[in-house]
Amino acid sequence: MTDHRRAELNRLSNLLGVEMQELLLLHQALTHTSYANEARHSGSLHNERMEFLGDAILDLIISENLFKRFPQLSEGELTKARANLVCETTLANKAAEADLGRYLLLGKGEALSVAENVCRF
């Protein structure tokens, strides 16, 4: 990892209020499969396995919070509320607020696809 990348990741962890013991984990979390495939020679790991675990953790945290905060809601209502909070649009908006896109490593094709989708909105 370059010194520039290390500085970027330190800046992000400070903005998020999280102390990272291992910047390589944050680097991996922000590395898309397309980038890792294009940068095979660099030994970059991608974030798919972390994404799997992160999705489960996020579901658990949101579920517990809703369960405690809204004891009057039925299981179906809790499920709908969780789905609204953990949906792609909500998470994309939160990522945009934190300017996470600035720190993501995307392959060339994926970066073009993201840029095209942003321009449509």
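One is the number of the first residue; the rest follow in order along the sequence.
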**Q** Could you state the interatomic distance from CG (Leu66) to CZ (Arg82), rounded to the nearest 0.5 Å?
**A** 8.5 Å

**Q** I would like to know whether Leu15 and Asp99 meet side chain to side chain contact (heavy atoms under 4.5 Å, CB included); could you show each step before the answer?
**A** CA-CA 10 Å; Leu15 287 171; Asp99 198 21; over 6 Å; no

**Q** Determine whether Leu23 and Asn10 make a side-chain contact, defined as any pair of heavy atoms from C-beta on separated by less than 4.5 Å.
**A** yes

**Q** Are Ile62 and Phe67 joined in one hydrophobic group, where the rule is that I, L, V, M, F, W and Y side chains link up if heavy atoms are under 4.5 Å apart?
**A** yes

**Q** With side chain to side chain contact (heavy atoms under 4.5 Å, CB included) as the criterion, how do His27 and Thr31 come out once you've worked through the C-alpha distance, each side chain's angles and the decisive distance to 0.1 Å?
**A** CA-CA 6 Å; His27 176 69; Thr31 302; 4.0 Å; yes

**Q** So which of Asn47, Leu106, Leu25, Leu12 actually passes side-chain contact (heavy atoms from CB on, under 4.5 Å) with Leu30?
**A** Leu12

**Q** Do Met50 and Ile61 share a hydrophobic cluster, counting only Ile, Leu, Val, Met, Phe, Trp and Tyr and linking them when any side-chain heavy atoms are less than 4.5 Å apart?
**A** no

**Q** What is the distance from atom OG1 of Thr90 to atom CG of Leu85, rounded to the nearest 0.5 Å?
**A** 6.5 Å

**Q** Arg5: which residues meet the salt bridge (Lys or Arg N to Asp or Glu O under 4.0 Å) condition with it, sequence neighbours left out?
**A** Glu8

**Q** Tell me whether Leu26 is reachable from Met1 by hopping between hydrophobic residues (I, L, V, M, F, W, Y) whose side-chain heavy atoms are closer than 4.5 Å.
**A** yes

**Q** To the nearest 0.5 Å, what is the distance between NZ on Lys80 and OG on Ser74?
**A** 8.0 Å

**Q** Can you tell me how far the CG atom of Leu58 sits from the CG atom of Leu53, to the nearest 0.5 Å?
**A** 11.0 Å

**Q** Partners of Glu75 by side chain to side chain donor-acceptor pair (under 3.5 Å), sequence neighbours excluded?
**A** Thr79

**Q** For the CE atom of Met20 and the CG atom of Asn14, what is their distance to the nearest 0.5 Å?
**A** 11.5 Å

**Q** Can you tell me how far the CG atom of Leu16 sits from the CZ atom of Arg11, to the nearest 0.5 Å?
**A** 12.0 Å

**Q** Report yes or no: do Ile57 and Leu91 belong to one cluster of Ile/Leu/Val/Met/Phe/Trp/Tyr joined by side chain heavy-atom distances under 4.5 Å?
**A** no

**Q** When you compare the side chains of Ser34 and His32, does any donor N or O come within less than 3.5 Å of an acceptor on the partner?
**A** yes

